[in-house]
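So that the names make sense, note that chain A is the first sequence line, chain B the second, and so on, each numbered from 1. Please read these numbers as outputs of a predicted model, since none were measured by experiment.
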Amino acid sequence: MQDVKAPLRHALKTALQALGVEPPTAVPVEPAPKGKPGDYGTPLPFQLARILKKPPPQIAKELASALPPIPGVREVIPVGGFLNFAYDPAYLVEAASAPPAPFPRRPGKVVVEHTSVNPNKELHIGHLRNVALGDAVARILAYAGFEVEVENYIDDTGRQAAESLFAIDRYGEAPGEGEKYDHYAGRLYVRLHQELGQEGKKAALEPGIRAVLKRLEAGELRNEIEKILRAQLATMWRLGAEYDVLLWESDIVREGLLNKALRLLKATPYVFEPEEGKYRGALVFDTSRFIPGLEDPYLVLVRSDGTATYTAKDIALQFWKMGLLSGLKFRPYGTQPSGRPLFTSHPEGEPMPFGRATATINVIDVRQSYPQQVLKAALSALGREDLAAHHVHLAYETVLLEGRPLSGRKGHVVSVDELIQEAVARARSVIAEKNPDHPDPELAAEQVGIGAIRFAMVKTEPRRQIDFRWDQALSFEGDAGPYLQYAHARAASILRKAREKGLDPAAPLPEGAAAKATAYEAALAKALLGFPEAVEKSAAEPTPHLLAAHLLDLAAAWNAYYNAKENGQPATPVLTAPEGLRELRLRLVSVVKETLRQGLALLGVPAPEVM
RNA sequence: GCGCCCGUAGCUCAGCAGGAUAGAGCGAGCGCCUCCUAAGCGCUAGGUCGGAGGUUCGAAUCCUCCCGGGCGCACCA
């Protein structure tokens with residue numbers, strides 16, 4: 001896939017220089033709107049109107065005559081103040097006829113932290129958005145040329161983990177038949193909270209919970225946490241999300257990273273212990289210089305009872321991620337479904353080069369914007385504005401369920417496992433109905449079910465609230481994962497049949513084949529050529545929804561191509577097309593298939609060969 | 001009250017480093033399987049881009065104010 005806009009921009013700059021105008025740094029070039037002549041166009045003449053003191057249409061004409069020949073451009077068409085370019089279809093098709101290639105490597109390392117769910121109960125659809133978003137962003141960045149490290153923070157010394165373990169111990173009940181361990185822990189956690197709600201129970205149970213908390217901090221109950229964590233990981237892996245390293249909070253505390261971080265901060269003028277007032281005896285961070293406009297800019301790092309706040313631990317983790325602190329040890333944690341190894345921090349491990357990031361992305365919901373700002377402020381407090389500028393909080397809005405906020409207490413939640421089961425069952429029945437001879441219905445059902453769920457979570461802009469509705473999330477029509485998967489399977493089917501006939505879609509195009517390209521092929525080629533830019537934009541934001549939107553456009557262009565008719569007859573048959581044109585179309589279909597596969601992979605959506 | 005985010009078609013959403021008659025999907029209506037998978041395609045209907053000012057040759061996009069909704073403002077996170 002080659003860039004057709006770059007030569008065009010270059011030619012425009014050359015023409016501008018010929019006209020004695022300093023070219024802008026970014027020359028706008030966009031596909032021409034439907035119904036307008038040409039394939040691409042630029043509004044450049046409007047921007048020059050002020051400088052040249054001439055009307056845009058006149059500038060467009062002058063610019064047109066000053067242009068050097070542009071590769072593939074058949075005609076330069078002034079359209080009012082726009083200047084459009086009609087391409088030779090053969091050129092567009094040739095430009096699109098190689099599958100997209102990964103981007104060149106970029107310097108530095110990006111650490112993406114996502115999931116980081118409390119190891120105390122099963123995942124629900126709120127967590128799902130985090131996993132889907134984080135995993136997609138990590139994949140997109142890696143494809144876009146960044147070195148990416150995916151970290152999953154395990155808060156094993158938190159209150160919630162302690163409560164689940166306490167509940168398991170207290171009720172002494174075994175998991176139900178076939179009950180996943182995280183669901184079991186979650187069930188007893190909920191039961192504990194019911195009991196805590198009863199009169200006088202809280203005081204009676206509190207010491208027990210505190211005792212568990214102490215043991216967790218000492219790392220004594222790691223195996224108990226692991227049982228829950230392993231069950232959660234099974235869900236993440238089934239979704240297709242994978243990680244490089246698990247970071248246990250107890251390890252971070254044990255390695256003294258927290259104290260090291262606090263020591264660094266205490267050496268700045270912004271962190272101190274007030275001698276009077278409401279914060280007397282606590283260690284606070286005055287963020288006013290970094291976060292203006294707060295009514296109370298003091299943030300407690302260490303409470304007056306000596307315990308550290310979560311934010312303080314988070315700052316320590318952030319410092320570690322960016323190489324300001326060292327000390328964690330690691331060891332292998334096993335191999336994930338794709339074969340990618342997973343590591344974990346561990347007291348008995350050995351040093352490994354995790355962390356040391358030049359940029360960090362935290363995938364975490366918008367309600368935590370303030371503490372995320374504090375992370376940047378802490379970096380700034382150390383004088384590391386450079387690092388602060390490279391920390392991104394990928395804030396996403398919360399997920400509603402049928403219009404109402406999720407609520408564990410009111411039972412208004414859906415677990416991810418439950419959702420997957422439902423989606424796969426639904427896919428299974430659609431396959432049985434539409435393709436009863438499917439060679440592997442179980443595989444396809446899993447792919448379609450997972451794909452529908454994951455796509456639903458990433459197609460919307462992160463900062464918009466998602467209202468999860470069963471009928472929409474499991475929809476297999478329209479703007480949905482299965483629509484893209486279907487387009488992919490359709491292309492795969494043609495390629496399969498071609499190979500059966502002895503044709504090789506990967507073979508070089510025969511001499512003169514490209515010249516047979518029509519407007520149909522050109523339109524499809526243009527859709528394909530937008531892929532690298534969509535990836536680039538998605539990586540830069542970062543957000544997967546831009547790539548998702550482009551893939552929907554590409555699939556729509558491909559489906560339209562597939563269905564094109566003239567006088568009631570198929571206008572664009574592939575396998576039965578005349579020789580030359582057939583090879584050309586086959587090549588395009590193969591690039592469509594590969595581009596969709598790649599794009600879907602970046603969103604974590606499987607691409608079935610048969611549906 | 002202060003701060004951040006969101007108001008685009010009946011519903012769910014793209015578009016927002018200013019550019020061409022504002023685009024999809026769902027829903028509604030009409031059509032397309034003797035043709036490579038109809039989970040698809042085509043056509044029709046449907047919009048004061050929350051409102052008012054402003055900047056600009058040009059504003060859904062930038063600025064200000066207002067209205068509506070969400071979230072955050074603990075020695076929680």
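Remark: P of C57(B) and CD1 of Ile59(A) are 13 Å apart, rounded to the nearest angstrom. Rounded to an integer number of Å, the gap from His545(A) NE2 to C16(B) C1' is 10 Å. For Ile364(A) and G72(B), the CD1 to C1' distance is 13 Å, given to the nearest whole Å. If you measure from atom CD of Gln465(A) to atom C1' of G72(B), you get 14 Å, rounded to the nearest angstrom. With rounding to whole Å, Leu301(A) atom CG is found 13 Å from C75(B) atom P. As rounded to whole Å, 19 Å separates atom P of C41(B) from atom CD of Glu566(A). The CG-P distance, from Asp467(A) to C13(B), rounds to 7 Å in whole Å. Here G70(B) presents its P atom at 20 Å from CD of Gln368(A), a figure rounded to the nearest Å.
Considering only the side chain of Ala560(A), C41(B) comes nearest among A39(B), C41(B), C75(B). Picking from C71(B), G40(B), A39(B) the nucleotide with the shortest atom distance to the side chain of Arg367(A) gives C71(B). Comparing C41(B), G19(B), A39(B) by their nearest atom to the side chain of Asn559(A) picks out C41(B). Taking every side-chain heavy atom of Val430(A) into account, A39(B) is the closest of G19(B), A39(B), A14(B). The side chain of Tyr279(A) sits closest to C75(B) out of C75(B), A14(B), A39(B).
Comparing Ala556(A) and Ser304(A) along RNA chain B, the residue whose closest nucleotide (by nearest heavy atom) sits nearer the 5' end is Ala556(A). Positionally, the nearest nucleotide of RNA chain B for Met611(A) lies more toward the 5' end than for the other of Met611(A) and Ala282(A).
Heavy atoms of Leu546(A) sit under 4.0 angstrom from primed sugar atoms or phosphate atoms, though from no base atom. Among the heavy atoms of the strands lying under 4.0 Å from Tyr483(A) are primed sugar atoms or P, OP1, OP2 only; no base atom is included. When heavy atoms are screened at a 4.0 angstrom cut-off, Arg426(A) is found touching no nucleic acid atom at all. As judged by a 4.0 angstrom heavy-atom cut-off over every strand, Val610(A) is placed among the base-contacting residues. Nucleic acid contact for Thr309(A): sugar-phosphate only, since backbone atoms but no base atoms lie under 4.0 Å from a heavy atom of the residue. Residue contacts for Ala489(A): at a heavy-atom cut-off of 4.0 Å it reaches a base atom on one of the strands shown.
Comparing G70(B) with G31(B), their C1' atoms sit 43 Å apart, to the nearest whole Å. Going from the C1' atom of C11(B) to that of G46(B) covers 12 Å, rounded to whole Å. G47(B) and G10(B) have their P atoms separated by 7 Å, given to the nearest Å. To the nearest whole angstrom, the two C1' atoms, one in C13(B) and one in C66(B), are 26 Å apart. Here the separation of A20(B) from G54(B), taken at their C1' atoms, is 25 Å to the nearest Å. A22(B) and G58(B) are spaced 15 Å apart, taking the C1' atom of each and rounding to whole Å. Look at the P atom in both C33(B) and G51(B): the space between them is 44 Å, to the nearest Å. If you take atom P in C65(B) and the same atom in G1(B), they sit 15 Å apart, rounded to whole Å.
Under the 4.5 Å side-chain criterion, counting only non-hydrogen atoms from C-beta, Met611(A) is not in contact with Gln447(A). Looking only at side-chain heavy atoms (C-beta outward), Leu394(A) and Pro462(A) come within less than 4.5 Å of each other.
Pairing for C49(B) is absent, with no Watson-Crick or G-U wobble pair whose two atom distances lie under 3.5 Å. The partner of A17(B) cannot be assigned: no Watson-Crick or G-U wobble pair with both contacts below 3.5 Å exists in any strand. Base pairing annotation: A24(B) forms a Watson-Crick or G-U wobble pair with U12(B), both donor-acceptor distances under 3.5 Å. Within the shown strands, C32(B) is the pairing partner of G40(B) under the Watson-Crick or G-U definition, both distances less than 3.5 Å. Pair check for C4(B) finds G70(B); Watson-Crick or G-U wobble, both atom distances under 3.5 Å. Base-pair partner of U55(B): not found among the strands shown (Watson-Crick or G-U wobble, both distances under 3.5 Å).
Side-chain polar atoms of His391(A) and Thr360(A) form a donor-acceptor pair below 3.5 angstrom.
Here the shortest heavy-atom pairing between Leu83(A) and Leu12(A) reads CD2-CD2, 4.4 Å.
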Give each protein N/O atom lying under 3.5 Å from an N/O atom of nucleotides 2-5 of chain B, with the pair distance.
from  : atom 1 : to        : atom 2 : distance (Å)
C5(B) : O3'    : Arg463(A) : NE     : 3.4

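Cation-pi geometry between Arg490(A) and Tyr562(A) is satisfied (NZ or CZ under 6.0 Å from the ring centre, within 45° of the ring normal).
Open room surrounds CZ on Arg289(A); 12 or fewer heavy atoms of other groups in view lie less than 6.0 Å from it.
Between Lys593(A) and Glu609(A) a salt bridge is recorded (basic side-chain N to carboxylate O distance below 4.0 Å). Note on Asp471(A) versus Arg469(A): no salt bridge recorded, every NZ/NE/NH1/NH2 to OD/OE distance being 4.0 Å or above. In this structure, Glu541(A) does not pair ionically with Lys537(A), as no charged nitrogen and carboxylate oxygen lie closer than 4.0 Å.
Phosphate contact (OP1/OP2 of A39(B), side-chain N/O of His488(A), threshold under 4.0 Å): absent.
Against the 90° criterion about 0, the sugar-base torsion of C30(B) places it in the anti range.
Ring pair Tyr189(A)/His193(A) is tilted by interplanar angle, where 30° to 60° counts as tilted.
The side chain to side chain donor-acceptor pair (under 3.5 Å) pairs that include a residue from residues 40-55 of chain A are Lys54(A)-Glu62(A), where partners are two or more places apart or lie in different chains.
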If the sugar-phosphate is the primed atoms plus P, OP1 and OP2 and the base is the rest, what is the B/S/- string for nucleotides 20-36 of chain B, using protein heavy atoms under 4.0 Å? BB--BS---------BB
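Between Phe290(A) and Tyr270(A), the ring centre distance stays below 6.0 Å. Between Phe272(A) and Phe285(A), the ring centre distance reaches or exceeds 6.0 Å.
Between the side chain of Thr460(A) and the base of C13(B) there is no donor-acceptor pair of N/O atoms closer than 3.5 Å.
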